[in-house]
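Working notes, beginning with the structure itself.
Owing to the predicted nature of the structure, the values given are computational and were not obtained by experimental measurement.
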Amino acid sequence: MEQINFNGHTRTAHFGHRKLTPRACVVDSKKHLRLFLSDALEDLGFVSSECGQAGDLAGMLQAEQPDLIVLSVCVDGINVGEILEVIVRKNFAGKVLVIGQPDSIMVKAVRQIGDEYGIAMLPSLQTPFGAASLRASVATLLPAEPAPSPAVDVAEALKAGWLELWYQQKINTRTLVPSGAEALVRMRHPAWGVVPPAYFIPDDKDPHFRALSEFVVGRAIEDWRYLLESQGPVDLSVNLPISFFGNAAAVRELCRAMPAHPAFGGLLIEINSSEVIDNPDLAVDAARRLRLHNIAIAIDNVGAEWPSLLELRSFPFAELKVDQQYINGCADDRLKQTVCRRIVELARDNAARAIAQGVETRGDFLAAHDMGFDLVQGYLFGKPVAVRKFARSRPQLASASDKMP
């Protein structure tokens with residue numbers, strides 16, 4: 001790391017490969033453009049923030065120093081001069097990426113001012129641009145190696161507000177219309193970016209596990225209300241451990257949390273199949289009691305052990321979700337197809353829906369369709385995304401699905 005002085009301003013230059021997740025701030029007066037650019041940068045691995053005016057940027061730079069400022073230049077946008085003044089006054093040590101037509105008067109002016117004040121300017125990104133062009137523009141800021149992900153204390157994450165739910169769409173196999181979504185826990189760590197669940201989800205003996213489960217339910221209901229206002233009702237499912245239902249107080253709070261809104265279609269709770277098989281009485285009793293409170297239970301990750309489900313004394317479950325290892329590549333694997341067909345038959349015999357999760361190719365989708373699955377879920381139809389991005393992308397996803405053969 002080296003200190004450099006120019007024009008009376010001392011700045012810091014960083015050398016060597018970055019190991020932490022890079023941070024970016026998008027500056028634009030138009031909210032929809034800020035959201036679009038933030039989403040695109042997060043897809044590349046950045047932790048992003050947004051500023052709509054010079055005052056917002058000054059406050060953000062006072063609190064932290066991002067690695068990149070993305071400045072969208074347009075005639076009717078923000079006061080670019082004020083933004084550049086803030087960048088210099090706050091001794092910003094990162095890079096600045098200007099988005100606009102390279103030959104335009106404004107872009108040339110911004111680059112000239114940046115050069116005069118010693119601002120580290122990346123080559124301008126010409127509009128319109130694609131994901132590949134954006135990645136190429138910021139390639140020097142991306143980690144040269146995968147950032148290590150620390151084991152994070154769940155209590156700390158809950159207290160700091162780092163946890164959130166991301167949503168992956170479920171699709172009706174016959175109509176290709178969106179039909180609900182699964183909520184998946186993610187943690188947006190201030191230094192490490194989005195941390196995989198394996199690094200922060202405790203086992204069911206951890207004293208913080210109930211707090212995590214209650215967070216999942218509470219946030220899912222909050223997000224349901226947000227989606228209701230932004231696009232209409234969406235049926236949501238969450239994942240909880242079987243041990244949660246052994247706590248009577250937790251179950252009572254769960255039931256009380258259900259919205260009384262007439263548009264609320266109920267909450268679906270997914271429990272891993274191995275836990276259902278190991279605790280059949282608890283699973284059956286919970287599923288039967290919760291139906292009266294507008295809550296249904298699905299059995300998740302069903303695979304080769306499916307015959308054990310035939311031994312249940314009753315079958316009050318709403319869905320059977322086939323483990324993705326039996327869906328991935330099923331188009332060319334007869335053994336996987338045999339397992340899938342048996343699970344679909346089990347679901348039909350008990351008036352439950354069958355879901356194929358982990359659908360990533362058109363061939364596997366067509367195989368799932370032919371085997372009689374009711375719903376499909378997987379990267380072919382979209383990755384899990386944060387709730388606001390999910391709300392924006394859902395109409396486009398529906399229209400795109402309609403075009404699939």
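- In this structure, the side chain of T173 engages the main chain of D374 through a donor-acceptor pair within 3.5 Å.
- Rounding to the nearest 0.5 angstrom, the gap separating the CG atom in N239 from the CG atom in N272 is 9.0 Å.
- Using a distance-only test at 3.5 Å, with no hydrogens or angles considered, a donor-acceptor pair links the side chain of N279 to the main chain of E275.
- Considering every non-hydrogen atom in both P316 and V284, the closest pair reads CG-O, 3.7 Å.
- Rounding to the nearest 0.5 angstrom, the gap separating the CG atom in L41 from the OG atom in S48 is 6.5 Å.
- Side chain of N247 to main chain of S243: no donor-acceptor pair is present (N/O by atom type, distance under 3.5 Å, no hydrogens or angles).
- In terms of heavy-atom proximity, P384 sits nearest to Y379 at CD-CE1, 3.8 Å.
- Here the side chains of L254 and F245 are in contact, with some heavy-atom distance below 4.5 Å.
- Between M187 and A157 the shortest heavy-atom distance is SD-CB, 3.5 Å.
- A salt bridge does not link R186 to E164: none of the charged nitrogens lies less than 4.0 Å from a carboxylate oxygen.
- Under the 3.5 Å distance criterion, the side-chain polar atoms of D333 are matched with a main-chain donor or acceptor of L335.
- No side-chain heavy atom of M60 sits under 4.5 Å from any side-chain heavy atom of Q65.
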Self-check item: Evaluation steps, side chain to side chain contact (heavy atoms under 4.5 Å, CB included), between Y326 and V302
Solution: CA-CA 9 Å; Y326 291 95; V302 182; over 6 Å; no
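- Between the side chains of S274 and E305, no donor N or O sits under 3.5 Å from an acceptor N or O.
- Remark: the backbone N or O of V359 is not paired with any side-chain donor or acceptor of D364 at under 3.5 angstrom.
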Quiz item: Do V96 and V70 pass the side chain to side chain contact (heavy atoms under 4.5 Å, CB included) test, and can you show the C-alpha distance, the side-chain angles, and the key distance before you say yes or no?
Solution: CA-CA 6 Å; V96 173; V70 178; over 6 Å; no
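- Panel note: side chain D67, backbone P22; no donor-acceptor pair is recorded below 3.5 Å.
- Taking all atoms of both residues into account, the shortest heavy-atom contact from I277 to S308 is CD1-CB, 3.8 Å.
- Within a 6.0 Å radius of CD in E64, other residues, nucleotides and ligands contribute more than 12 heavy atoms.
- Here I269 contributes atom CD1 and F317 contributes atom CZ; the two are 12.0 Å apart, rounded to the nearest 0.5 Å.
- Judged by distance alone, the side chains of K383 and Q168 never bring a donor and an acceptor atom under 3.5 Å apart.
- Distance CD/E253 to CD/E214: 7.0 Å, rounded to 0.5 Å.
- A donor-acceptor contact shorter than 3.5 Å links the side chain of N172 to the backbone of T175.
- When each of L141, L71, L122 is paired with L97, the side chain to side chain contact (heavy atoms under 4.5 Å, CB included) condition holds for L122 and for no other.
- Side-chain contact between I69 and K95 is absent, with no heavy-atom pair separated by less than 4.5 Å.
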Quiz item: Given the rule in the side chain to side chain contact (heavy atoms under 4.5 Å, CB included) test, do E156 and W162 qualify, once you have shown the distances and angles that lead to the verdict?
Solution: CA-CA 9 Å; E156 179 187 8; W162 296 338; 3.4 Å; yes
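- Relative orientation of the H369 and F365 rings is tilted, given thresholds of 30° and 60° on the angle between their planes.
- Checking N301 against Q357 by side-chain atom types alone, a donor-acceptor pair falls below 3.5 Å.
- With hydrogens and angles ignored, the 3.5 Å screen pairs no side-chain donor or acceptor of E270 with any backbone N or O of V238.
- Closest non-hydrogen pair, V26 versus R34, comes out as CG1-CA, 3.9 Å.
- A 4.5 Å side-chain heavy-atom check between R342 and W306 finds at least one atom pair inside the cut-off.
- Between V98 and L125 there is no side-chain heavy-atom pair separated by less than 4.5 Å.
- S124 pairs in a side-chain hydrogen bond (donor to acceptor under 3.5 Å, both in side chains) with only one of the listed residues (R111, Q101, K108), which is R111.
- Here the SG-CD distance, from C340 to Q337, works out to 7.5 Å after rounding to the nearest 0.5 Å.
- Aromatic ring centroids of F244 and F209 lie 6.0 Å or more apart.
- Here E345 contributes atom CD and D349 contributes atom CG; the two are 7.0 Å apart, rounded to the nearest 0.5 Å.
- In this structure, R288 places its CZ atom where only 12 or fewer heavy-atom neighbours from other residues, nucleotides or ligands lie under 6.0 Å away.
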Donor-acceptor pairs under 3.5 angstrom involving side-chain atoms of residues 217-230: please list them, not counting sequence neighbours.
from	atom 1	to	atom 2	distance (Å)
D223	OD2	Y167	OH	2.7
W224	NE1	V234	O	3.3
S230	OG	Y226	O	3.0
S230	OG	L227	O	3.4

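- Formation of a donor-acceptor pair under 3.5 Å by the E311 side chain with backbone atoms of L309 is not found in this model.
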Self-check item: Evaluation steps, side chain to side chain contact (heavy atoms under 4.5 Å, CB included), between M121 and V110
Solution: CA-CA 10 Å; M121 308 286 290; V110 170; 4.0 Å; yes
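- Looking at heavy atoms from C-beta onward, V251 lies in side-chain contact with R289 at the 4.5 angstrom threshold.
- Checked by atom type and distance alone, the side chain of K336 pairs as donor or acceptor with a backbone atom of N328 at under 3.5 Å.
- Q377 pairs with exactly one of E182, K170, Q169 by the side-chain hydrogen bond (donor to acceptor under 3.5 Å, both in side chains) rule, that one being E182.
- E50 approaches C25 most closely through the heavy-atom pair C-SG, 4.5 Å.
- Evaluated for a side chain to side chain contact (heavy atoms under 4.5 Å, CB included) with V322, the options I327, V344, D300, V339 yield exactly one hit, I327.
- Contact check for V88 versus I119: side-chain heavy atoms found under the 4.5 Å cut-off.
- By the 4.0 Å N-to-carboxylate-O rule, D285 lies close enough to R313 to be salt-bridged with it.
- Taking a 6.0 Å sphere around CG of L292, one finds it holds more than 12 heavy atoms contributed by other residues, nucleotides or ligands.
- Looking only at side-chain heavy atoms (C-beta outward), F315 and I299 come within less than 4.5 Å of each other.
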